[in-house]
There are 2 protein chains.
Amino acid sequence: MDGGQQGQPGFSARLDDFLCFSIYAAEHAFSRAYKPLLAEIGLTYPQYLAMTLLWGEDDQTVGQLSQRLSLESSTLTPLLKRLEADGLLSRHRDTKDERVVRVKLTPAGDKLRQKAQTIPACILQATGMSLEELGALREQILALTKRLQTAAGGD
Amino acid sequence: MDGGQQGQPGFSARLDDFLCFSIYAAEHAFSRAYKPLLAEIGLTYPQYLAMTLLWGEDDQTVGQLSQRLSLESSTLTPLLKRLEADGLLSRHRDTKDERVVRVKLTPAGDKLRQKAQTIPACILQATGMSLEELGALREQILALTKRLQTAAGGD
DNA sequence: TGATAAACAGTCGTGCACGACTTAATCGTG
DNA sequence: CACGATTAAGTCGTGCACGACTGTTTATCA
């Protein structure tokens, strides 16, 4: 490690550029790692993330999924429609409040969970990291994300 | 029907799901944090990343940029064409090897660097982290990315 | 030397992601 | 009840990202 930090003005700016570069690359790397595994069960990466939320808790609204995925409804609606066309879920207006649409797994969608169960272990192995390391890294990234969102919203 | 599937030992698999969720969210958060700043100078987030590479080293080939951004040429070519249409760079075949296209900044593209110089500091402030923390986090993410890429390529 | 393979950038079709706008239902206050 | 404001989901247009394919140029080999 070099003891002296190069104090060029504007040089320090490079460092956080590199952080966003690394996040950018990591996101692509994850997507590419999942892609061949997901292709076998006919899902794209964002579709898999949405299905994972439903596997964890069925019968969610578009708004809930939108918030948990950090996606706009304009992005999520077509994605859910494709999953519906594939027979994996159903979309129906809530009878109480007809503004909201409830998304529920079909038997086929629930069944797919079994096939998808082996995927996380494959990715875990690909990372070559322990669960503790992954958890710690996740916490750091979540904290960073929260700060970026707060700064963006409150600025 | 599977009765009571929650709480199975398969939930340990959830942890790395959460890591990919966090990367997914962080990538969006970065993109959204940059977006309003970049809008002022007329760049999108991926365009900014490409320009940043050129500001660091002018006169690169499409292949070099493609590799450094982890993007396919089919993604990069239209992006560069838009930047060319905006007058920020030029694209010309190499006279020695006409298979490669060299990308160079125009005076306008070089000038834009001055305007963009203040952006990284804004993002740095939004993260609320020190340069050391950012650097350490970056190293972890790069290491993770490298492992994912190696596993995907060599498996 | 002529055939063949490899490398490079580009085109096309599909899906993701957003902002701006639209439509429809609900709520709040009088 | 009325009526504007709010909320929820969806539509549309633009740009990003990929895989599969194409076309041209360069390199290699029999």
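Remark: Glu133(B) pairs with Ser130(B) by the side chain to side chain donor-acceptor pair (under 3.5 Å) rule, at least two apart or across chains. Residues passing the salt bridge (charged side-chain N to carboxylate O under 4.0 Å, His left out) test with Glu57(B), sequence neighbours excluded: Arg68(B). Contacts of Thr75(B) classified as side chain to side chain contact (heavy atoms under 4.5 Å, CB included), with partners at least two apart in sequence or in another chain: Leu71(B), Glu72(B). For Arg102(B), the salt bridge (charged side-chain N to carboxylate O under 4.0 Å, His left out) criterion is met by Asp59(B), Asp94(B), not counting sequence neighbours. With sequence neighbours excluded, no residue forms a salt bridge (charged side-chain N to carboxylate O under 4.0 Å, His left out) with Asp86(A). For Asp97(B), the side chain to side chain donor-acceptor pair (under 3.5 Å) criterion is met by Arg99(B), not counting sequence neighbours. Applying the salt bridge (charged side-chain N to carboxylate O under 4.0 Å, His left out) rule to Glu84(B) yields the partners Arg91(B); only residues at least two apart in sequence or on another chain are considered. Considering only residues two or more places apart in sequence or on other chains, Thr95(B) meets the side chain to side chain donor-acceptor pair (under 3.5 Å) condition with none of them.
The separation between Leu38(B) atom CG and dG15(D) atom P is 15 Å, rounded to whole Å. The interatomic distance linking His92(A) (NE2) with dG10(D) (P) rounds to 12 Å, in whole Å. The separation between Glu84(A) atom CD and dG10(D) atom C1' is 13 Å, rounded to whole Å. Separating the CD atom of Gln47(A) from the P atom of dG15(C) is a distance of 8 Å, rounded to the nearest angstrom. Between the C1' atom of dA17(D) and the CG atom of Leu49(B) lies a distance of 14 Å, rounded to the nearest Å. Remark: P of dC16(D) and CD of Glu27(A) are 16 Å apart, rounded to the nearest angstrom. As a whole-Å value, the separation of Lys35(B) NZ from dA20(C) P is 10 Å. As a whole-Å value, the separation of Leu83(A) CG from dT14(C) P is 18 Å.
For Tyr24(A) and dA17(D), the shortest distance from a side-chain N or O to OP1 or OP2 is below 4.0 Å.
Contacts between residues 93-102 of chain B and DNA chain C, defined by a heavy-atom separation under 4.0 Å, are made by Arg93(B), Arg99(B), Val100(B), Val101(B). The stretch residues 72-82 of chain A comes close to DNA chain D through Ser73(A), Ser74(A), Thr77(A), Lys81(A), each having a heavy atom under 4.0 Å from the strand. Only Ser70(A), listed by number, bring a heavy atom of residues 60-70 of chain A to less than 4.0 angstrom from any atom of DNA chain C.
Atom CD of Glu139(A) has more than 12 heavy atoms from other residues, nucleotides or ligands within 6.0 Å.
Listed by first and then second residue, the salt bridge (Lys or Arg N to Asp or Glu O under 4.0 Å) pairs involving residues 105-120 of chain B are Asp110(B)-Arg113(B) (not counting sequence neighbours).
Here the closest non-hydrogen pair linking Met51(B) and Leu89(B) is SD-CD2, 4.3 Å.
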